[in-house]
Protein chains: 2
Amino acid sequence: MTRKRATLTEVAKRAGVSIATVSNVFSGRKPVNDELKKRVEKAAKELSFQIDRAASQLKSGKARVVGVLVPDLDDTFFTSLISRIEVMALKDSYDVIVASSRDDKQLEESRLQTLLGWRPSGIIAVPCSDIVPAVLAREVAHIPTVLVDRVITQSAVADTVTIDNFEAGEIAGRYLVEMGHKDIVLAASSLDIAPIRERVRGAVSIIHKMSGREPTAIELGSNAERGAEIFAHWLERHPLPSAVFALTNVTTLAALTALARQRVDIPEQVSIIGFDDYTWMSARKTALTAIRQPVDEIARLAWERLQIRIGGDVSEPHPSILNTSLKVRESTRRLADPSRGEGLKPAEEQPGETIDNAAKERPNRIH
Amino acid sequence: MTRKRATLTEVAKRAGVSIATVSNVFSGRKPVNDELKKRVEKAAKELSFQIDRAASQLKSGKARVVGVLVPDLDDTFFTSLISRIEVMALKDSYDVIVASSRDDKQLEESRLQTLLGWRPSGIIAVPCSDIVPAVLAREVAHIPTVLVDRVITQSAVADTVTIDNFEAGEIAGRYLVEMGHKDIVLAASSLDIAPIRERVRGAVSIIHKMSGREPTAIELGSNAERGAEIFAHWLERHPLPSAVFALTNVTTLAALTALARQRVDIPEQVSIIGFDDYTWMSARKTALTAIRQPVDEIARLAWERLQIRIGGDVSEPHPSILNTSLKVRESTRRLADPSRGEGLKPAEEQPGETIDNAAKERPNRIH
DNA sequence: TCCTCGCTGTTAAACGTTTTACAGTTAAAC
DNA sequence: GTTTAACTGTAAAACGTTTAACAGCGAGGA
């Protein structure tokens with residue numbers, strides 16, 4: 001199986017040049033005579049030679065890898081983030097090492113530690129809790145780091161890219177109240193997660209301000225199936241709310257599953273706003289109205305920040321905060337007479353219409 | 001930013017031992033006196049030292065990385081594969097480098113080439129077409145390789161893990177015919193992909209055998225949105241079929257989206273069988289009946305084969321073929337009188353019931 | 001003609017580990 | 001009391017690159 005791979009030396013010998021020349025041909029650091037270059041390339045091809053990254057990295061100290069850590073590789077939000085990061089990484093010829101912390105603080109530390117062993121050019125991490133991993137906090141001065149999504153912007157020790165979670169809560173809350181909803185349930189994953197708390201705060205505050213009511217927040221965890229059970233259980237012992245606002249894509253799934261199991265009609269009996277924007281949300285008779293996170297933008301910005309840091313920038317940690325938008329589709333119904341709890345039309349807006357807050361001031365926005 | 005990281009030598013100096021001892025403490029290859037070990041560990045912690053993988057790998061030749069190549073990091077099937085592989089990799093303390101070929105044969109080659117540059121312990125690849133990437137074909141003798149999913153088992157140059165695609169087609173086809181469906185559409189991604197052709201073959205053959213009818217196969221590509229448009233367009237110029245069998249998770253989404261846009265009721269007007277089994281499929285009023293691929297099993301087997309090869313096994317390429325099952329839920333309706341094309345009950349089986357072919361002979365099955 | 005310069009190519013010294021061969025020390029065996 | 005064996009620790013040689021430093025050699029300027 002393992003006939004040893006060709007080395008610089010062998011290629012050099014075969015092409016009748018020094019190893020430095022071969023190295024130059026591959027790295028392009030110094031010009032090489034055309035005729036020699038041809039010979040080297042021929043020899044390399046014949047031996048199917050390829051630079052050994054370990055050796056290259058050891059000597060040069062440069063890595064051309066980034067480590068990406070996420071809390072869950074089964075969560076579409078994180079994988080779509082990874083997908084986009086991989087695209088930009090390729091463009092700048094970096095490779096990507098992925099690791100999942102599985103929402104486990106301890107595993108997070110150890111995964112980060114091994115990631116660091118690669119001496120990567122940088123780390124993009126979605127922490128699994130508010131508190132920045134100790135490894136990262138310690139190492140942040142030595143390695144470019146960007147924290148994404150689950151972060152408290154204020155206290156950050158590194159660059160961050162997040163959405164305006166409070167505003168996301170507000171947008172959904174406002175829309176729901178405007179549609180006449182009063183009895184609203186907030187389907188959170190876990191209130192231990194700062195961004196989730198922010199979304200709740202945003203929704204609660206605007207709902208209270210506009211309607212004087214207090215929405216109910218329930219925690220469904222970060223597993224859809226279990227979340228569905230919890231929610232179903234909750235539904236059994238409470239009167240049907242008129243609307244549900246799911247705060248993550250997983251709780252969206254959980255709520256939808258529970259509602260479907262109990263044969264609750266959407267939006268006739270219960271309106272719902274989901275979180276994140278995925279194809280399956282439109283692949284239904286009553287397409288889902290949802291808060292859309294700008295995943296592309298998040299990934300782009302994270303990569304941009306990382307490159308800036310790799311480039312040697314040592315300025316203060318830079319927080320980027322992006323805005324979400326509401327994709328209005330068909331899962332929220334207008335209640336004609338709020339007090340009666342009954343209405344006519346499913347939704348006023350055109351399906352597909354977007355209520356975008358893009359025009360509003362974007363604090364800390366790059367450019 | 002980049003104060004240099006501590007090295008073995010520095011730790012050794014601080015602990016007052018030789019670098020060999022420090023190395024032994026970390027690798028555990030040779031026993032080290034407890035008192036010394038303590039000293040070394042203390043020194044290491046103080047310097048927040050961590051073995052440099054590049055150096056380690058260069059010297060030892062062992063990598064503890066595997067490269068994983070998939071055609072699309074936005075496709076849940078592939079990411080769930082990666083998720084499971086990452087779990088097993090961690091268990092055996094390997095790291096995972098991911099790369100996407102974006103269904104581009106040329107990119108596939110180059111991604112594979114760079115992957116190889118890491119001198120990984122092995123490669124797990126989902127090729128983007130039938131023909132095995134040239135790099136891999138050339139290198140397969142030197143590096144443990146497992147090909148997954150999109151593979152022609154017979155001609156494989158390396159270990160393969162696939163599902164029985166023909167059988168998957170048969171299962172769905174048989175079920176549909178048994179439910180009284182005759183006018184069936186096969187929503188394929190691309191007939192250039194061997195497994196898809198097999199699924200089509202399986203469905204066509206059994207449908208023909210049982211009902212004498214020929215289903216129509218249409219190609220929707222591997223992008224859900226575009227697929228939806230193509231299918232919508234097709235629907236406009238053809239009479240409604242009584243059932244759709246979607247052959248991939250993306251075409252499932254595409255078909256569902258198109259059907260929803262045209263306000264077609266499922267299963268009243270059209271029955272549908274999807275592919276793959278994801279949470280969103282159950283998170284709907286009429287939960288989706290679908291062919292389930294055993295993703296866990298696929299990942300487990302792929303990893304197992306890889307480990308066997310890494311262990312030095314040089315026997316003939318080993319094909320593993322897994323069986324799929326039909327998750328019967330609510331999206332297929334029984335047609336009472338096939339000729340009339342109208343029926344009564346949505347489905348005979350209990351929702352959630354599984355028609356499993358597990359008991360059948362499993363060719364080439366491990367164990 | 002001599003000197004300098006630009007252009008290419010080479011030599012050789014690292015980079016931070018792993019690992020072999022060896023040395024020293026103590027315990028067990030005879 | 002000597003020999004052996006069992007343990008631990010160390011010195012030093014790689015691993016395959018990158019990258020100074022340097023060398024050879026025409027050409028152009030003085």
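We name chains A, B, ... by the order of the sequence lines, and we start the count at 1 in each one. Hydrogens, waters and symmetry mates play no part in the numbers below; they use all other heavy atoms, side chains included.
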When rounded to whole Å, the CZ to C1' distance for the pair B/Arg53 and D/dC15 reads 17 Å

**Asked** Between D/dA11 and B/Ser18, is there an OP1 or OP2 to side-chain N/O distance shorter than 4.0 Å?
**Response** no

Separation of D/dG9 atom P from B/Lys38 atom NZ, nearest Å, is 13 Å

With sequence neighbours left out, the residues meeting side-chain contact (heavy atoms from CB on, under 4.5 Å) with A/Thr162 are A/Val151, A/Thr153, A/Ile321

Once base and sugar-phosphate atoms are separated, protein heavy atoms under 4.0 Å mark nucleotides 17-26 of chain D, 5' to 3', with B, S and - as BBB-B-----

note: A/Lys37, atom NZ; C/dG9, atom P; distance rounded to Å ~ 10 Å

### Query
Okay, side chain of A/Ser80, backbone of A/Phe77: is any donor-acceptor separation there less than 3.5 Å?
yes

Residues at least two apart in sequence or cross-chain that pass side-chain contact (heavy atoms from CB on, under 4.5 Å) with A/Ser93, listed by chain then number, are A/Arg64

Overall bend of the helix from C/dT1-D/dA30 to C/dC30-D/dG1 (five pairs an end, 10° steps) is 40°

A/Leu47 atom CG is separated from D/dG16 atom C1', nearest whole Å, by 15 Å

note: B/Arg5, atom CZ; C/dC15, atom P; distance rounded to Å ~ 17 Å

To the nearest angstrom, the CG-P distance between A/Leu36 and C/dT8 comes to 11 Å

Hey, does the side chain of A/Arg53 reach the backbone of B/Ala54 with a donor-acceptor pair shorter than 3.5 angstrom?
no

The side-chain contact (heavy atoms from CB on, under 4.5 Å) partners of A/Ser110 (sequence neighbours excluded) come to A/Leu107

So the ring pair (Phe, Tyr, Trp, His ring centres under 6.0 Å) pairs with at least one residue in residues 25-47 of chain A (sequence neighbours excluded) are A/Phe26-A/Phe49

Residues passing the side-chain contact (heavy atoms from CB on, under 4.5 Å) test with A/Ala55, sequence neighbours excluded, are A/Asp52, B/Leu58

5'-most contact on DNA chain D (nearest-nucleotide basis), B/Leu58 vs B/Gly16, goes to B/Gly16

Applied to residues 24-41 of chain A, the side-chain hydrogen bond (donor to acceptor under 3.5 Å, both in side chains) test, sequence neighbours excluded, yields A/Glu35-A/Arg39

**Request:** Check whether any side-chain nitrogen or oxygen of B/Thr21 sits under 4.0 Å from OP1 or OP2 of D/dT10, and answer yes or no.
**Result:** yes

Rounded to whole Å, the CH2-C1' distance (B/Trp118 to D/dG16) equals 15 Å

Across all chains, not counting sequence neighbours, the ring-ring contact (aromatic ring centres under 6.0 Å, His included) partners of B/Tyr94 are B/Trp303

